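Note that the structure is a prediction, hence the values are computed from the model and not measured.
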Amino acid sequence: KNDKSLSKLISELDGYFSRFIRKRDTVNGVIKCFTCGTKLTFAEAQCGHFIDRDQMPTRYDEMNCHAVCSECNCFDIEHRRGYLKKMRDKYGEDTVSALIQKSRGLQKFFKWEVEDLIQYYKSELRLNTV
């Protein structure tokens, strides 16, 4: 039985999801920041969210997340503009609009859903080691 609170489980899931996104975006041991193209190591990269993490419907949407540098993720005030351009280039305007619409919905996670996602991303990380 898991006695962890929902908030602790979400925090744990955030860690696995971040590692998954960064591994997914690693090519030949190198990660390029999705927004600016800077080359990064796995440890330097962060999991950047196009739509903020506080929007739960898209928090764990793999299309919403990409490996980025800390400068773009935390300090660049123009980050959103660059991220939007990259999203449109990669996925197209209709898909980006659908993702934005999805983010406006309501999402309440139950503990069992978060536990299932933790197990899923743990499994994916084992299968796709860097």
Kindly indicate whether the side chain of C74, heavy atoms from C-beta on, has any atom under 4.5 Å from the side chain of Q46.
yes
Between T58 and F50, is there a side-chain heavy-atom distance shorter than 4.5 Å?
no
Shortest non-hydrogen separation from C72 to T35 and the atoms involved:
SG-OG1, 3.0 Å
Mind checking side-chain hydrogen bond (donor to acceptor under 3.5 Å, both in side chains) for T41 and listing every partner two or more places apart, or none if nothing turns up?
E44
hydrophobic_cluster_shared for F34 and L84, side chain cutoff 4.5 Å
yes
Quick check: is M56 connected to I51 through a chain of hydrophobic side chains (ILVMFWY, heavy atoms under 4.5 Å apart)?
no
Could you go through D116 and Y120, starting from their C-alpha distance and side-chain angles, then the distance that decides it, and tell me whether this counts as side chain to side chain contact (heavy atoms under 4.5 Å, CB included)?
CA-CA 6 Å; D116 285 353; Y120 172 77; over 6 Å; no
Is NZ or CZ of R80 both nearer than 6.0 Å to the six-membered ring centre of Y83 and within 45° of the ring axis?
no
I'd like to know if V68 and V30 are part of one continuous hydrophobic network [Ile/Leu/Val/Met/Phe/Trp/Tyr, side-chain heavy atoms within less than 4.5 Å].
no
Side chain proximity check, I31 to R22, heavy atoms < 4.5 angstrom:
yes
Answer with yes or no whether the side chains of E93 and S97 bring together a donor and an acceptor at under 3.5 Å.
yes
Once you measure the plane-to-plane angle for Y121 and F17, does it fall in the parallel (<30°), tilted (30-60°) or perpendicular (>60°) bin?
perpendicular
Look at the side chain of S5 and the backbone N and O of K8, then say whether any donor-acceptor pair between them is shorter than 3.5 Å.
yes
Nearest 0.5 Å, what's the CZ-CD distance between F20 and E124?
5.5 Å
Do M87 and L99 pass the side chain to side chain contact (heavy atoms under 4.5 Å, CB included) test, and can you show the C-alpha distance, the side-chain angles, and the key distance before you say yes or no?
CA-CA 10 Å; M87 291 288 288; L99 189 65; 3.7 Å; yes
Kindly indicate, with the supporting measurements, whether the criterion side chain to side chain contact (heavy atoms under 4.5 Å, CB included) is fulfilled by L9 and E12.
CA-CA 5 Å; L9 287 168; E12 183 178 346; 4.2 Å; yes
Around D89, counting heavy atoms of other residues, nucleotides and ligands shown, do more than 12 lie under 6.0 Å from its CG?
yes
Does the pair H66 and D25 meet the rule for a side chain to side chain contact (heavy atoms under 4.5 Å, CB included), with working shown?
CA-CA 7 Å; H66 301 85; D25 292 355; 3.8 Å; yes
What distance do K23 atom NZ and S18 atom OG have between them, rounded to the nearest 0.5 Å?
11.5 Å
Hey, does the side chain of S123 reach the backbone of Q119 with a donor-acceptor pair shorter than 3.5 angstrom?
no
Specify whether F109 and Y60 have parallel, tilted or perpendicular ring planes, treating 30° as the upper limit for parallel and 60° as the lower limit for perpendicular.
perpendicular
If we only count heavy atoms from C-beta on, is the P57 to L106 side-chain gap below 4.5 Å?
no
So how far is it from K90 NZ to K86 NZ, rounded to the nearest 0.5 Å?
10.5 Å
What distance separates K122 NZ from L13 CG, expressed to the nearest 0.5 Å?
11.0 Å
Applying salt bridge (charged side-chain N to carboxylate O under 4.0 Å, His left out), which residue pairs with at least one partner in residues 54-64 are found, sequence neighbours left out?
D14-R59, D61-K102
If you round to the nearest 0.5 Å, how far is CZ of R53 from CD1 of I10?
10.0 Å
Value for CD (E113) from CG (L6), rounded to nearest 0.5 Å, stands at 9.5 Å
